[in-house]
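Along the sequence shown, the residues carry numbers beginning at 1.
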Amino acid sequence: MGDVSDPMSLGSLPVAPPVPLPAQKPWWSARRFGWFLGGAAAGVVGQVLICGYWLHSFASFVSDAVPDTMFMVTGIAALAQLVLFVGCIGAGIGALRRNRSLGVGLIAGWPGGLVAVALGLVLLFSFA
């Protein structure tokens, strides 16, 4: 029967050139670094508040010697640390898809706060 082309065939279609996607800036770029600092600051401020509460109560325990209050304050501080840990890590993981810089900042803020409090205590007691 010979070469009869299919009347329903469109033949070869032109191929569209690839469209480049806009380059996404890394989380440490200048524009996104503010989000990272905001997340890290939230963790650090939480650590400072919780540890400051505990240290203030410890100082009043040493001066007043009321044993029951120190046990209660330590329990409250431990519970607040657990809430801060779960909040920073949970919110950080949740924010990684929407705003990577904020998520990384929240995740880094909790241990960064522990380091900041430890360094602050070392500096405080080294000059005392």
CG-CZ distance between Asn99 and Phe36, expressed to the nearest 0.5 angstrom: 12.0 Å
Within-4.5 Å side-chain heavy-atom neighbours: Pro111 and Val115: no
Minimal non-hydrogen separation, Arg32 against Ser101, with atom names: CB-OG, 3.1 Å
Straight-line distance of Thr74 OG1 to Leu79 CG, nearest 0.5 Å: 12.5 Å
side-chain contact (heavy atoms from CB on, under 4.5 Å) partner of Trp54, chosen from Ile76, Leu49, Val73: Val73
Nearest heavy atoms of Val44 and Gly112, plus distance in Å: CG2-C, 4.1 Å
Greater than 12 external heavy atoms within 6.0 Å of Phe58's CZ: no
Common cluster, Leu102/Ile89, ILVMFWY with side-chain heavy-atom separation under 4.5 Å: no
same_hphob_cluster(Leu106, Leu82) at 4.5 Å side-chain heavy-atom cutoff: no
Exceeds 12 heavy-atom contacts within 6.0 angstrom, atom CH2 of Trp110: yes
Distance, nearest 0.5 Å, that separates CG of Leu55 from CD1 of Ile50: 12.0 Å
Exercise: identify the closest heavy-atom pair between Cys88 and Gly43: SG-CA, 4.0 Å
Contact summary for Leu84 and Gly46, nearest pair of heavy atoms: CD2-C, 3.7 Å
